[in-house]
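Have a look at the structure below before the remarks.
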Amino acid sequence: MNVHSLQQPRGETRASARRDAAHFIGGAFTQGTTGKSWENFSPVDGTLIGRVPEGGRAEVDAAVTAARAALNGPWGRMTVTQRTDLLGAVADEINRRFDEFLEAECLDTGKPASLASHIDIPRGAANFKMFTDVVKTIGTECFETPTPDGTGALNYALRRPRGVIGVISPWNLPLLLMTWKVGPALALGNTVVVKPSEETPLTATLLGEVMNTVGIPAGVYNVVHGLGPDSAGEFLTQHPGVNGITFTGETRTGEAIMRQAAHGIRPVSFELGGKNAALVFADADLDKAIEGTMRSVFANCGQVCLGTERVYVERPIFETFVARLKAGAESLRYGRPEDPATGIGPLISKEHQGKVLSYYAKAVTEGATVVTGGGVPELPADLSGGSWVQPTIWVGAKDDAAIIREEIFGPCCHIRPFDTEEEAIRLANDTPYGLAAAVWTENLSRAHRVASKMDVGICWVNSWFLRDLRTAFGGAKASGIGREGGVHSLEFYTEITNVCVKL
Ligand code: NAD
C-alpha cells in the first residue's frame, strides 16, 4: 500500500501539489464522518501527495442509497438515447480535461506520462463511448411457440439493468480499469458505487467533477474511498442493496469478495491475477518478438495483469533471445513521469517493492541465474525515496520454483528453452492461472494451432495488448469469472426477463 502511518519518516509535501481526495456521494463531494483518513505518498520519490478519507458503513450506505434513488428516479426514466448522449459527453469531457487526468494518474502511480497519455486516459474516455454503441444496436431474442390449441405463443426477452453495481478496482491502470466497468454498467442503465484502490484515489474523484459538469444525475456515479477488509471494500461488497459486484484485482481478494457476495446470492464478475506465458518459436520474426516481449514484461514496470512473467523460447534462438532482451532491459531509463525520456517508472508502493524484492531474493535462493537486474537501482537523491526496482531477467529456475508459479507483478521474467511445440504448450498451460498468452511465430498453421490450445481468456499472436473493446475479455481458471467487453458485458450488467404471451 501507498499508505503509511504518521510515524514513518517520509518526505515533505511538494509545495505546489498537495492533492486530497474526497468521496463522491449523491453528486456531492464529502470527507465523510469516520474521521479516519490516510496519507497518499508518491511512488516516485516518497513525497506526500495528499490525504484520502476512509469511508465506513455510513458512507457506503449513503452511496448505495443515492445509487438506488437515481436508479428509481431520473436515470431509470431516461431513454437509451438520452443516457448514451450523456455518456458520450462524459468521454468528451475527460478528453477536454485530459491533462488534469494525466497529471492525477501519474501522481498516484508514478507511471511515465508517455504511457498514460496513450493508454490510461484515452482508454478511460473510450470506455464510455464504446458501450453506448453496443447498447444502441443490440436486440433481444423472440421465439414463436406452437401450442396444442393451435393459437401459439410469443416468447420475447427484455433486458433490464441489474441495479446498483459495486465496482472494486485495482491500482495498476486506475482510470482505465475502473471505467471499463463503469462505462458498460451505466450504458446499460445501472448505477454504480465505486471503491477505487487505496493507492490511487485521484482519477476516480476527478471523474465525479466530470459527471456533474455534463449533467449525469446525482447518485448515478458514486465513489467511496477506503481499504479492503473491515473497511469500505468489505462493507460495499457485503451491502444488501448492491445487486452485483464487478471486481478487478488479485485472485486471493476475489476469493474474499466471493464469500462476501454469497450473502444474498449476488452475482460477481471477476478479472483476477495471471502468470502469463510468451511462446517464442524459432521461426518468429525476432525483432517483433523482442519488441513485443519488452513491452509485455516491462511496460508499466511489469504491473499489467496481462504482462508476461514466463517466456519459453525454442532452443535454436534461446541464447540470442536472452541476450537481446537483456540489452533491452538494460537500456530502459528510470525517471519521473513527466520526463519524455523515462522508459520505466517505480512500483506502486514501498509495500509492493518489498514483495517484488522478496521474489528477487527467492529466485536466487531457489537456484535461478540472474541475467540482469535483481535489485534496487542506484538513483539520484531526489528519487531515492521512491519504490524503484531493476528490470530483471532470470534463466535456469526449476519449473516448480516460486518465480515460475506465483504472480510477482513486477518488471521481471524467467526465460526457459523448449524443444517441441507440445512441450511449449504443456509448459505454458502448467499454471493455476489462465489470463493471457502471446505466441510468436511466422508459421500460420502453428499460430492457429497453438493459440487454440492455450488455456487462457486472451491469446495474442505476434502482438501483445492489442485490444478491440468489442471482444470478450476475462480470464480462465484462477484468472477470473465471466467475460466483459462488447456484447459480453450484457451478460453481467443486465437481467433478462422472458415474456411469454399466449395468443
Ligand atoms: P487487490 O486485490 O489487492 O486490490 C484490488 C481492490 O480490492 C482494491 O480496491 C482493494 O482495496 C480491494 N479489496 C481488497 N480486499 C478486499 C475485500 N476483502 N473486500 C472488498 N474489497 C477488497 O489488487 P491490486 O493489488 O490492487 O491489483 C493487482 C492485482 O490485480 C494483480 O493480481 C493483477 O493481476 C490483478 N489485475 C487483474 C486484471 C485483469 O483484468 N484480470 C487487471 C488488472 C489487475
Side-chain angles (χ1 to χ4, degrees), residues 1-3 21 38 43 52 54-55 60 108-109 119-120 123 127 166-181 193-201 204 223-239 242 245-263 266 268-276 299-309 347-349 351-356 406-410 431-436 456-458 465 467 469 472-485:
M1 268 195 310
N2 234 2
V3 177
W38 68 87
V52 189
E54 181 178 351
V60 168
D108 272 347
T109 61
I119 294 191
D120 299 65
R123 264 288 305 278
N127 285 337
V167 179
I168 309 278
S169 49
W171 45 258
N172 58 329
L173 297 154
L175 181 71
L176 186 159
L177 290 173
M178 186 261 284
T179 54
W180 174 244
K181 312 293 199 176
V193 179
V194 177
K195 209 297 282 171
S197 167
E198 48 273 39
E199 312 284 5
T200 51
V223 178
V224 180
H225 296 288
L227 313 179
D230 199 28
S231 184
E234 185 177 317
F235 304 151
L236 177 61
T237 50
Q238 281 179 339
H239 199 289
V242 170
I245 297 156
T246 179
F247 165 70
T248 305
E250 278 190 41
T251 298
R252 195 162 32 106
T253 312
E255 289 173 351
I257 292 180
M258 208 164 175
R259 281 192 289 274
Q260 287 147 210
H263 301 283
R266 274 89 45 73
V268 294
S269 177
F270 281 173
E271 290 169 3
L272 308 176
K275 188 70 187 176
N276 311 304
N300 209 34
C301 199
Q303 304 165 116
V304 182
C305 54
L306 303 162
T308 304
E309 292 191 355
L347 293 170
I348 188 68
S349 63
E351 182 181 317
H352 191 50
Q353 182 194 37
K355 176 185 162 185
V356 172
E406 297 165 22
E407 183 186 49
I408 303 171
F409 223 54
T431 166
Y433 293 105
L435 190 53
V456 294
I458 184 164
F465 212 90
R467 286 277 298 123
L469 305 186
F473 182 83
K477 302 198 285 193
S479 290
I481 295 178
R483 296 289 183 275
E484 295 190 26

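Start at 1 and go down the list; that is how both ligands and their atoms are numbered. Computed from a predicted structure; not experimentally measured.
Considering only non-hydrogen atoms, atom 14 (C) of ligand 1 lies nearest to Thr253 out of Thr253, Thr200, Ile245.
Of all the heavy atoms of Leu236, none lies under 4.0 Å from any atom of ligand 1, so neither backbone nor side chain is involved. At a heavy-atom distance under 4.0 Å, no atom of Val304 approaches ligand 1. Of the heavy atoms in Leu177, only side-chain atoms (C-beta onward) come closer than 4.0 Å to ligand 1. Looking at Leu173 against ligand 1, nothing comes within 4.0 Å, counting heavy atoms. With a heavy-atom cut-off of 4.0 Å, Gln260 touches ligand 1 through its side chain alone.
Taking a 4.0 Å cut-off on heavy atoms, Ser169 registers as neighbouring ligand 1. Under the 4.0 angstrom criterion for non-hydrogen atoms, Gly480 is not in contact with ligand 1. Heavy-atom separations between Pro196 and ligand 1 include at least one value shorter than 4.0 Å. Using 4.0 Å as the threshold, Phe247 has a heavy atom nearer than that to some atom of ligand 1.
Against a heavy-atom cut-off of under 4.0 Å, Pro229 is close to the following atoms of ligand 1: 15 (N), 18 (N). Remark: ligand 1 atoms within the under-4.0 Å shell around heavy atoms of Ile168 are 6 (C), 7 (O), 9 (O), 12 (C), 21 (N).
The protein heavy atom nearest to atom 27 (O) of ligand 1 is Pro170 CB, 3.4 Å. The protein non-hydrogen atom at the shortest distance from atom 24 (P) of ligand 1 is Trp171 NE1, 3.3 Å. With respect to atom 41 (N) of ligand 1, the closest heavy atom belonging to the protein is Leu272 O, 2.7 Å. Remark: minimum distance from atom 23 (O) of ligand 1 to any protein heavy atom is reached at Glu250 N, 3.5 Å. Nearest protein neighbour of atom 31 (C) of ligand 1, counting heavy atoms only, is Glu407 OE1, 3.4 Å. Nearest protein heavy-atom neighbour of atom 36 (N) of ligand 1: Cys305 CB, 3.4 Å. For atom 10 (C) of ligand 1, the closest heavy atom belonging to the protein is Glu198 OE1, 3.5 Å. For atom 22 (C) of ligand 1, the nearest protein heavy atom (residue, atom name, distance) is Gly228 CA, 3.5 Å.
Contact check for Val268 versus Phe247: no side-chain heavy atoms found under the 4.5 Å cut-off. You'll find the side chain of Thr248 reaches within 4.5 Å of the side chain of Lys181, heavy atoms only. Put simply, the side chain of Phe409 does not reach to within 4.5 Å of the side chain of Leu347, judged on heavy atoms.
Glu309 and Lys275 are joined by a salt bridge, as a carboxylate oxygen and a charged side-chain nitrogen come within less than 4.0 angstrom of each other.
Listed by chain and residue number, Asn127, Phe128, Leu175, Leu207 satisfy the side chain to side chain contact (heavy atoms under 4.5 Å, CB included) test with Thr179 (two or more places apart in sequence, or in another chain). Residues satisfying the side-chain hydrogen bond (donor to acceptor under 3.5 Å, both in side chains) test with Thr253, not counting sequence neighbours, are none.
In this model, no donor atom of one side chain and acceptor atom of the other lie less than 3.5 Å apart for Gln303 and Trp171.
If you look at His225 and Trp38, their ring centroids are not closer than 6.0 Å.
Atom CZ of Arg252 is surrounded by 12 or fewer heavy atoms from other residues, nucleotides or ligands within 6.0 Å.
The side-chain contact (heavy atoms from CB on, under 4.5 Å) test with Met178 is passed by exactly one of Pro196, Ser197, Ser169, Pro170: Ser169. In summary, of the residues considered (Ile458, Asn300, Val304), a side-chain contact (heavy atoms from CB on, under 4.5 Å) with Phe465 occurs for Val304 alone. A side-chain contact (heavy atoms from CB on, under 4.5 Å) with Val60 is found for exactly one of Val193, Val242, Val224, namely Val224.
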